[in-house]
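Below you will find the structure I want to go over with you.
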Amino acid sequence: MKRAALILPLLAPGCAGIQSANGRDAVQGALIGRLFDVFLGVAVVVYALVIVYLALALLRGRRHRRRESGLQGEPAPSLERPWRIGLILFASATALILFGLAIATWLTDRALAKAGAEAPLEVEVIGNQWWWEVRYQDPVASRIVRTANELHLPVGQTTRLTLKSNDVIHSMWIPNLSGKQDMIPGRESDLALHPTRTGTFRAQCAEFCGMQHANMALDVTVESPADFRRWYEAQLVPQPAPGGAAAAGYAIFQNRQCASCHAVGGTPASGQVAPDLTHVASRNTIAAGALPMSRENLARWVSDPQAVKPGNNMPKVPLSQSELGALVAYLETLK
Amino acid sequence: MSLRFPEVIAAMLMLAATGCHRESRDYRSLALQAQDRTKAFGGNAFHLAQGQRLYAWMNCAGCHSHGGGGMGPPLRDDEWRYGGSLPEIVTTILDGRPNGMPSFRGKITEDQAWQLATYVRSLSARTREDILSGRADEPSNVEPPVLDERKPVRRVTPRQDDASEE
């Protein structure tokens, strides 16, 4: 018991902060949260009643036995009638409670469907071992934004995420906003989100997907619609070949292995199998949350990706120290 | 002759121990000589699987199809214009060949070229069953598991214009 009390405070951080399992920062999470509260409340009351009845039954039984053995007072009265009434009450209360919970579930389900029915923004999220590809859909092809490991959402409106996978089963989980949704190769699933509070949250792959499953995080930023628009327009800006200090790094990026898999908008690099790097330096993390974004960490990552995140698909590209410096200097300009 | 109990137990333990053999995965650059590389890559399930992914990523299927050939020669038959050993296939990938095969030197790393060659060779060579991928990448003539199109989520309350259509 004492040990359990010691463990409990350790669980508390799971219900707060940027990755809170008790997340109610979106309409969807709040609806499910409210249903959870209803279930919890009813279950606590029923549990307490059962325990009280059990205690009473034990006490009564002991007294009853004493009477029957003739140790105490007059003979016991017949128990058949109160038992029958008790049973009827118990059965009808159980039926009523279950029926009530079923109705609460149904109402929540309807409310969820209603909340996700009209989505002005459509985003495709594709799971990969071990990173997230994010595509903002637009009828005009040149206005589609392709990014990786970051998801920006406008507050106060519904966004529908279409979830796909390129390799194994992943699961999308933004604990602060809503529940999990699996991403299954060859299928599409979707998730509607209507955030009600601005802030940055951390999403995590919630289905074991291989060695670096733990290093598959997604930075979620919920911001005002105006900020979101500004971010979106900034993402659309291409990054053509730079002059000056970054030119050497640009040449390395284009002529070495980088451009085979990565794309940078406005340059010949258009690989589609790895994260789009057009605005990589504006992201918070490197390699799906493996490292915080900084010059040192970029160098650490590029020089030997297999040391940072063993098993990922980025190979170690042989680069001299000066080539590495130039390449990192170029990557840093991709804001 | 009948086995006694301890002997049976010992035999079963030895059998179980064979299950503990796990193939190693080399994520880092191997930097081996050619003949050692043939050994390191040739019979390795991980490198073969990575090669299969690279085959898709580098769009080899664009010319060679899924081994059946198209604009480029088939890779599933026993005919090798420029040699069918692993080092020879690696040379073909890295340096290119006349009439269309581009050079991938500098586009992929040398280790990746070896992984790719391992997969290409497995298309025609007798590769150990236990290291082959469980599923091929080519289009299949088997019905897909899900035939019906996904339908969009229906609105809960029909709009005005929907009602007028009825």
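Reckoned from all heavy atoms, side chains included, excluding hydrogens, waters and symmetry mates.
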Margin query: Less than 4.5 Å to any heavy atom of chain B: does that hold for the side chain of A:Asp304, its backbone, both, or neither?
Written below: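 For A:Asp304, the side chain is the part near chain B, not the backbone.
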Note to self: Taking side chain as everything from C-beta outward and backbone as N, CA, C, O, which of these in A:Met211 sits under 4.5 Å from a heavy atom of chain B? Side chain, backbone, both or neither.
What the structure shows: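 Contact with chain B is through the side chain of A:Met211 alone.
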Next item on the list: Give a yes or no on this: more than 12 heavy atoms of other residues, nucleotides or ligands lie within 6.0 Å of atom CG of B:Asn99.
Entry: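 Incorrect, the count does not exceed 12.
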Item checked: chain B interface, residue from A:Gln306, A:Arg256, A:Gln272, A:Gln257 that has the most non-hydrogen pairs under 4.5 Å ->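 When all of A:Gln306, A:Arg256, A:Gln272, A:Gln257 are compared, A:Gln257 has the most.
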Check: Heavy-atom count around B:Arg76 CZ within 6.0 Å, excluding the residue itself: above 12?
Finding: yes
Checklist line | Contacting region of A:Cys261 [heavy-atom separation from chain B under 4.5 Å] | finding: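 The side chain, not the backbone.
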Item checked: Gap separating the CZ atom of B:Phe104 from the OG atom of A:Ser260, nearest 0.5 angstrom ->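 B:Phe104 atom CZ to A:Ser260 atom OG measures 8.0 Å (nearest 0.5 Å).
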Next item on the list: Identify the heavy atoms of A:Asp167 and B:Arg53 that sit nearest to each other, and give their distance.
Entry: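 Where A:Asp167 meets B:Arg53 most closely, the heavy atoms are OD2-NH2, 3.2 Å.
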Checklist line | Heavy-atom pair of closest approach, residues A:Asn313 and B:Gln50 | finding: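 Looks like OD1-NE2, 2.8 Å.
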Check: Which atoms of A:Ala307 come close to chain B, meaning under 4.5 Å heavy atom to heavy atom: side chain ones, backbone ones, both, or neither?
Finding: both
